[in-house]
Amino acid sequence: MLGAIEAGGTKFVCAVGTEDGTIIERVKIDTLTPEKTMPEVISFFKKHHVKALGIGSFGPVDIDKNSPTYGNITSTPKPGWANFPFLKTMEEALHIPIEFNTDVNVAALGELTHGAAQGLDSCLYLTVGTGVGAGAVVQGNLLQGLSHPEMGHVLVKRHPEDTFEGFCPYHKDCLEGMAAGPAIEKRWGKKGHELQHQQEVWEMEAFYLAQALMQYILTISPKRIIMGGGVMKQAQIFPLVRKQVQELLNGYVPLPQITEQIDEYIVPPALGDDAGITGALMLAKQILEKE
Ligand code: ADP
Ligand code: ZN
């Protein structure tokens, strides 16, 4: 039995499952403070006697294995979680091998092994929810450099009719500041799901997301782009994003995936909300394979 954690800012999903990606049991635990949340998380895995554990965590996190603070959540504003030694806490409680990465990198891995990017060796997973974040698998490996990339904060050109200042506390009008769920709510005065039939809302949303996708295509060149998160439940965004990506690239990347079959290139997650937890299970599986 393998263990998996998808640790989010509002809830932890903990699951046990098998090497083929089947989830056998799962629980949801509220993200309160580490003192309240972690004992519940730990007791779930102790009960199931897992052999290895994969963790995909909200961030920013330290994923550098050579760093003294490897496995810590770093600078989050979430009370109690800044500098929390997440990995170390789990290792000391369970005494099993554990792999640790970002929520979005792990979601990319889940979609690659069991979802919309099966059979490929690279993909990018973008989530548009309370924030915007992206992870990627490149040539079979989770994307990592100096740290994990923070693709949700790339700069975007402002829409000529947009007067919203942006809500990113660091950059104001970066992608997250202009296109995450709270940006939609602050700009239009209603939550995304209440704006479903207002075409201009989604045209503007696609305007920002397409710019980011263009940057990702030009820098990482992923073989597929998967867009998930609460905001992307508005399925009408997909055709708008695809069209704007093609217009922005303007034929510069002359590959059929982009010029002809973009419907299969920019896609929703095949695993729905299970991309992260499935990817975390696959991280645990990788530990056993290495051993
Ligand atoms: P989180 O990012 O916290 O994990 P979600 O991915 O569900 O959670 O994102 C929450 C954000 O997405 C909120 O700003 C919410 O308004 C927005 N959202 C959730 N569902 C929808 C929907 N069906 N249509 C549009 N926006 C939505
Ligand atoms: Zn930002």
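Every value quoted in this text rests on a predicted model; they were computed, and no experiment measured them. Note that ligands are numbered from 1 as they come in the structure, with each ligand's atoms numbered from 1 the same way. We're numbering straight along the sequence, starting at 1.
A salt bridge is defined here as a Lys NZ or Arg NE, NH1 or NH2 lying under 4.0 Å from an Asp or Glu carboxylate O, and Lys285 with Glu289 meets this definition. Salt bridge annotation for Glu99-Lys65: present, with a cationic side-chain nitrogen under 4.0 angstrom from a carboxylate oxygen.
Remark: ligand 1 and Gln234 share an N or O pair separated by less than 3.5 Å (distance only, no angle test). Note: an N/O pair closer than 3.5 Å links Thr130 and ligand 1 by distance alone.
Separation of the Phe86 and Phe12 ring centroids falls under the 6.0 Å cut-off.
Within a 6.0 Å radius of CG in Asp121, more than 12 heavy atoms belonging to other residues, nucleotides or ligands are found. Crowding of Lys88 atom NZ: a count of heavy atoms from other residues, nucleotides or ligands under 6.0 Å not exceeding 12.
The protein atom (non-hydrogen) at minimum distance from atom 9 (O) of ligand 1 is Gly129 CA, 3.1 Å. Residue, atom and distance of the protein heavy atom nearest to atom 17 (C) of ligand 1 are Val231 CG2, 4.1 Å. At the top of the distance list for atom 22 (C) of ligand 1, counting protein heavy atoms only, stands Gly230 O, 3.5 Å.
Each of the following atoms of ligand 1 lies closer than 4.0 Å to a heavy atom of Pro182: 14 (O). The atoms of ligand 1 that sit less than 4.0 Å from any heavy atom of Gly229 are 6 (O). Listed by number with element, the atoms of ligand 1 under 4.0 angstrom from any heavy atom of Gly181 are 14 (O).
Without hydrogens or angle criteria, Thr113 side chain to Leu109 main chain gives a donor-acceptor distance under 3.5 Å. For Thr31 (side chain) and Gly8 (main-chain N/O), a donor-acceptor pair under 3.5 Å exists by modelled atom type.
Residue contacts with ligand 1, taken as heavy atom pairs separated by less than 4.0 Å, do not involve Ala180 at all. Only side-chain heavy atoms of Lys233 come within less than 4.0 Å of ligand 1; its backbone N, CA, C and O stay farther off.
Assignment of Glu185 to the shell around ligand 1 is not supported, since no heavy atom sits closer than 4.0 Å. Under a 4.0 Å heavy-atom criterion, Gly8 is not in contact with ligand 1.
Residue Val241 forms a side-chain contact (heavy atoms from CB on, under 4.5 Å) with just one option from Ile225, Ile262, Leu209, and that option is Leu209. No option in Glu205, Gln199, Met204 other than Gln199 meets the side-chain contact (heavy atoms from CB on, under 4.5 Å) test with Leu240.
Counting only heavy atoms, the protein never gets under 4.0 Å from atom 4 (O) of ligand 1. There is a protein heavy atom closer than 4.0 angstrom to atom 11 (C) of ligand 1.
Between SG of Cys168 and ND1 of His171, the angle at the Zn ion (ligand 2) works out to 100°, rounded to 10 degrees. To the nearest 10 degrees, the Zn ion (ligand 2) sees SG of Cys174 and ND1 of His153 at an angle of 110°.
At a threshold of 4.5 Å between side-chain heavy atoms, the hydrophobic network of Ile, Leu, Val, Met, Phe, Trp and Tyr places Ile277 and Val61 in two separate groups.
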